[in-house]
Amino acid sequence: MVVIFFLSRRHHLDVRRMSRLEGLKADSSQFTLEGKPFRILGGSVHYFRVPRAYWEDRLLKMKACGLNTLTTYVPWNLHEPERGTFNFQDQLDLNLAAQLGLWVILRPGPYICAEWDLGGLPSWLLQDEEMQLRTTYPGFVNAVNLYFDKLISVIKPLMFEGGGPIIAVQVENEYGSFAKDDKYMPFIKNVSVLLPVVIIKMVSLKTVNLQRLSFGAIQHLADIQPQKPLMVMEYWSGWFDVWGEHHHVFYAEDMLAVVSEILDRGVSINLYMFHGGTTFGFMNGAMDFGTYKSQVTSYDYDAPLSEAGDCTPKYHHLRNLFSQYHSEHLPGVPSSPERKAYGPALIQQHLSLWDVLQFSDKPHRSDRPVNMENLPVNNNNGQSYGYTLYETTITGGGALNSRNNIRDRALVRAYSECVGCLDYKTHEVAIPDGKRTLSFLVENCGRVNYGKALDEQRKGIVGDIVLNNTPLRGFSISCLDMKPSFIKRSVIWIKTSFLPKFWGKGVIFVNGQNLGRYWFIGPQHFLYLPAPWLRSGENEIIVFEEQRVHDKLLFAENPDYGKAIDVYKLPFCTLL
């Protein structure tokens, strides 16, 4: 279940302004907005997964599909990357839809899930060894209060009461599946009381998330809150992918049958996702229900609007359906941006990681390994994403055992030779004899974003590594978070830009923009390159490749998402 708060003023108001001030209400079996019956026909688009130059295109296509409401999460870890340092500008501007005639349901967290690193929570929270996320633990409460103080000041002018498009706010997300602290949701509700400019009346409404109608979900919702509007807050239009498994698809005819029935019952709906976009950079989340699985870069989600913003058959079917719930003709569908497959880009220069280290900041010295979040970097906020290099000196070889203290994956190098990889499944490698430098290049593959393991998401080396049962000591630790400043110092020039193919595992940057991770195990075998990130003439490409270097980079007009599996046949997508 999801709980939404509807915000409306109580005040002595000028009658001429009264209709604008009667916000979204859930006082009867039907929503009302400005005093008139209103059905939410919503779609999710995450502004942080779509280049800003494409926001208008995606939202106009949403409106042309017959939707009237945009829903979006707000990721705390992007807006407060360091404690007390806030960013609500440019790509992170929250003024999203007002000029396009769409209403907004904002989902500001603090926890959002979203297949996003740590469910949107900032990693610096984990510097506190006793931290208990999503509870009334004082360290978490204090951080939430400071963040919401800033966030509320940003979104107040965008609220319905102030003439803006935000008609409802969903605080937290799916807490029933976590539920560690019965005092937590009342705390979150009290924090959000400050949202409207003047006194507010708060009404909570339970909603449901699903993909197919089973278990009597909607009827159960009606039974537990009679004379309230019914809403499917997340109707899953597809599903996300993880590395090493199949690409999930949800066929249009199966989806359309369920959406039609939901609408026939008079239920409001939000399509999650309407347009998934891309999890650029290192921001993907992970699953861990006994086995750790990191999520891929693409967030296409098999949504009605593709990762590149194209209208799929699913889109056109939905448009025909939603048009039946409008008295006027829908707006025309904007044309999709042109795509171009450039010729191959030949690799002309290589630079090893060990040569790049001279461009990184001075390493941290520690007798014991230090996890990523507690490194004294980034103004003592620790390292959030990317890679961390741990190096020490050994005098002999033998059996190296991680004791499962690698988070999440480490390439092990003895002097100049790669001797193996340590991860959740492989805990031991053999080290050759001789005195040598032993290196661990550890990748944070993404923090878990859902479930009860959130407090355990510290990355890097999180405990002792032993050689012949003796713990290693005397580490030099380098932060390789691959921020723009590091990339500029270690640049390699290649004249054009690309999609990866035939490579191993790594990350790609184009003109300083981190396109995300690629990995030969699939299912994803490409990276999406948005046109606004290209320049006329020469474009700068940097490839950080862990395993095997190919001689060229290839382009394609259409993506390769890998072998598909029908998500409708999988039981976990029934009801969350």
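In the model, Asp241 has a side-chain atom that pairs as donor or acceptor with a side-chain atom of His247 under 3.5 Å. For the 3.5 Å distance criterion, the side chains of Asn173 and Gln170 qualify, holding a donor opposite an acceptor. Between the side chains of Asn374 and Asn371, at least one donor N or O lies within less than 3.5 Å of an accepting N or O. With 3.5 Å as the limit, one finds a donor-acceptor pair spanning the side chains of Tyr450 and Ser177.
With sequence neighbours left out, Glu82 forms a side-chain hydrogen bond (donor to acceptor under 3.5 Å, both in side chains) with Asn379. Residues meeting the ring pair (Phe, Tyr, Trp, His ring centres under 6.0 Å) test with Phe282, sequence neighbours left out: none. For Ser384, the side-chain hydrogen bond (donor to acceptor under 3.5 Å, both in side chains) criterion is met by Ser123, not counting sequence neighbours. With sequence neighbours left out, His46 forms a ring pair (Phe, Tyr, Trp, His ring centres under 6.0 Å) with Phe48, Tyr73, Tyr272. With sequence neighbours excluded, no residue satisfies side-chain hydrogen bond (donor to acceptor under 3.5 Å, both in side chains) with Arg319. When the side-chain hydrogen bond (donor to acceptor under 3.5 Å, both in side chains) test is applied to Asn68, no partner is found at least two apart in sequence or on another chain.
Using a cut-off of 4.0 Å between Lys/Arg side-chain N and Asp/Glu carboxylate O, Arg107 and Glu172 are scored as not salt-bridged.
Aromatic rings of Tyr184 and Tyr175 (six-membered ring for Trp) have centroids within the 6.0 Å cut-off, being under it. Close placement of the Tyr292 and Tyr424 rings is indicated, their centers lying within 6.0 Å of each other.
Exactly one residue among Asp408, Asp117, Asp481 makes a salt bridge (Lys or Arg N to Asp or Glu O under 4.0 Å) with Lys459. That residue is Asp408. Trp76 pairs in a ring-ring contact (aromatic ring centres under 6.0 Å, His included) with only one of the listed residues (Tyr147, Phe86, Phe88), which is Tyr147.
Under the 30°/60° scheme for interplanar angles, the aromatic rings of Trp55 and Tyr47 are found to stand perpendicular.
A cation-pi arrangement is found for Lys452 relative to Phe178, the charged atom lying closer than 6.0 Å to the ring centre and inside a 45° cone about the ring normal.
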